[in-house]
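Bear in mind the structure is a predicted one, so any value in this text is a computation, not a measurement.
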Amino acid sequence: MKKTAIASAMILATGFAATTAHAQDSATQLLDNWEERSYAQAKLGFADLGLNDDAMTLTGTYGLKMAHVHPQLSVEADVFFTLADAESEVSSSFGSTKAEASTFGFAGYLVGTYDQLSIEKLKPYVRVGLGYTSADVEVSNSVASASGDDSEFGLAYGIGARYDFTEKLGVLVEYNETEFDFMNVGVHYGF
């Protein structure tokens with residue numbers, strides 16, 4: 001009985017050591033060459049916040065190619081904010097009422113890139129993930145003013161295309177939707 005208990009303990013320890021070694025190998029693969037698999041993007045765009053004029057936005061993206069999972073997969077993190085507020089102005093016999101809105105948010109995406117086109121340097125892609133969006137609205141006229149905000153977690157998705165001039169530098173155009181619609185153009189830099 002004592003030999004069976006010792007043998008069982010040795011089998012469990014060996015299995016635990018093998019599982020731990022496999023987890024360490026997976027973590028090592030993920031962290032190996034992460035600098036060479038990293039990229040950054042700066043995107044200037046417009047967000048439709050539901051007013052007459054769209055907001056101008058700036059988006060920063062950090063991405064990591066997941067070649068060890070699939071050569072066409074990446075993960076990305078976005079942070080975006082308003083550079084110029086969206087605006088609407090309505091005039092009536094009582095005066096003029098102005099509404100301004102801005103947005104801020106972040107999102108995480110899984111990105112699939114297709115790199116088998118006949119135009120080698122053109123790479124269309126799709127993005128799916130989760131995002132947080134916050135919007136601030138202020139309405140005012142000559143008599144009164146009011147403000148409010150709203151925030152939401154939800155599905156984020158988009159499509160785009162990137163054209164690579166060199167192995168490290170490219171340009172992109174992209175459409176994303178979180179709580180609002182975003183249209184961006186930007187620069188891609190691979191480390």
Side-chain angles (χ1 to χ4, degrees), residues 26-27 29-31 34-88 99-117 121-139 147-164 168-191:
S26 295
Q29 277 185 335
L30 182 62
L31 296 175
W34 69 270
E35 297 99 340
E36 295 162 6
R37 295 184 294 121
S38 296
Y39 58 90
Q41 298 172 342
K43 304 173 214 176
L44 187 62
F46 294 95
D48 182 3
L49 303 183
L51 300 178
N52 290 347
D53 295 331
D54 291 340
M56 181 182 283
T57 59
L58 181 64
T59 303
T61 301
Y62 172 78
L64 184 63
K65 296 175 188 173
M66 304 296 284
H68 62 285
V69 176
H70 192 280
Q72 296 173 331
L73 282 182
S74 301
V75 290
E76 291 182 351
D78 277 1
V79 174
F80 58 87
F81 57 91
T82 302
L83 293 175
D85 290 351
E87 296 180 353
S88 281
E100 295 181 320
S102 62
T103 186
F104 164 81
F106 53 87
Y109 295 94
L110 180 63
V111 181
T113 303
Y114 184 73
D115 61 1
Q116 304 298 317
L117 291 178
K121 296 183 177 195
L122 184 63
K123 295 178 172 71
Y125 57 88
V126 294
R127 313 167 87 207
V128 177
L130 292 173
Y132 169 81
T133 306
S134 175
D136 294 317
V137 178
E138 186 174 317
V139 179
S147 62
D149 57 28
D150 185 28
S151 60
E152 177 179 300
F153 275 101
L155 181 65
Y157 56 90
I159 60 171
R162 186 179 80 236
Y163 185 83
D164 293 331
K168 292 189 177 265
L169 188 62
V171 294
L172 60 95
V173 62
E174 179 179 273
Y175 169 80
N176 290 300
E177 186 165 313
T178 56
E179 185 178 357
F180 305 109
D181 299 337
F182 293 84
M183 189 68 191
N184 297 313
V185 293
V187 177
H188 172 95
Y189 180 77
F191 298 105

Nearest 0.5 Å, what's the [atom1]-[atom2] distance between [X] and [Y]?
| X | Y | atom1 | atom2 | answer |
| --- | --- | --- | --- | --- |
| Asp115 | Leu122 | CG | CG | 11.0 Å |
| Glu177 | Ile159 | CD | CD1 | 11.0 Å |
| Glu35 | Leu64 | CD | CG | 10.0 Å |

**OP:** Give the ring-plane orientation class for Phe153 versus Phe106, where under 30° counts as parallel, over 60° as perpendicular and anything between as tilted.
**Re:**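 Perpendicular, since the angle between the ring planes exceeds 60°.
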
Over all atoms of both residues, closest heavy-atom pair of [X] and [Y]:
| X | Y | result |
| --- | --- | --- |
| Glu76 | Gly63 | CG-CA, 4.0 Å |
| Leu49 | Ala101 | CD1-O, 3.6 Å |
| Asp53 | Ala86 | O-CB, 3.1 Å |
| Gly129 | Tyr109 | N-CD2, 3.9 Å |
| Ser88 | Asn52 | OG-N, 2.6 Å |
| Gly45 | Asn184 | CA-OD1, 3.3 Å |

Subject >> Asp149: partners by side chain to side chain contact (heavy atoms under 4.5 Å, CB included), with sequence neighbours left out >> reply: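 Scan of Asp149 (side chain to side chain contact (heavy atoms under 4.5 Å, CB included), adjacent residues dropped) gives Asp136.
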
Original post:
What residues, two or more places apart in sequence or in another chain, satisfy side chain to side chain contact (heavy atoms under 4.5 Å, CB included) together with Val69?
Top reply: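 Expected list: Met66, Leu73.
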
Using side-chain heavy atoms (C-beta onward) and a distance below 4.5 Å, is [X] in contact with [Y]?
| X | Y | result |
| --- | --- | --- |
| Val137 | Leu51 | no |
| Arg127 | Thr61 | yes |
| Val75 | Leu110 | yes |
| Asp78 | Lys43 | yes |

Original post:
side chain to side chain contact (heavy atoms under 4.5 Å, CB included) between Asp54 and Asp181: does it pass, once the steps are laid out?
Top reply: CA-CA 10 Å; Asp54 291 340; Asp181 299 337; over 6 Å; no

Original post:
After noting the C-alpha distance and the side-chain angles of Leu169 and Val187, does the key distance pass the side chain to side chain contact (heavy atoms under 4.5 Å, CB included) rule?
Top reply: CA-CA 7 Å; Leu169 188 62; Val187 177; 3.9 Å; yes

Original post:
Of Tyr39, Tyr163, Tyr125, Tyr62, which meets ring-ring contact (aromatic ring centres under 6.0 Å, His included) against His188?
Top reply: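 Testing each of Tyr39, Tyr163, Tyr125, Tyr62 against His188, the sole residue satisfying ring-ring contact (aromatic ring centres under 6.0 Å, His included) is Tyr39.
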
Subject >> Passing option when Phe182 is tested against Phe80, Phe81, Tyr175 for ring-ring contact (aromatic ring centres under 6.0 Å, His included) >> reply: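 Running ring-ring contact (aromatic ring centres under 6.0 Å, His included) over Phe80, Phe81, Tyr175 with Phe182 returns exactly one hit, Phe80.
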
**OP:** Identify, with sequence neighbours excluded, every residue that meets ring pair (Phe, Tyr, Trp, His ring centres under 6.0 Å) alongside Phe104.
**Re:**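 In terms of ring pair (Phe, Tyr, Trp, His ring centres under 6.0 Å), with neighbours along the sequence ignored, Phe104 is linked to no residue.
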
Original post:
When you measure from the side chain of Arg37 to the backbone N and O of Lys65, does any donor-acceptor pair fall under 3.5 Å?
Top reply: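 Pair found, side chain donor or acceptor close to backbone of Lys65.
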
Subject >> Matching residue for Thr103 among Asp85, Thr82, Asp150 - test: side chain to side chain contact (heavy atoms under 4.5 Å, CB included) >> reply: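 Only one option passes, and that is Thr82.
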
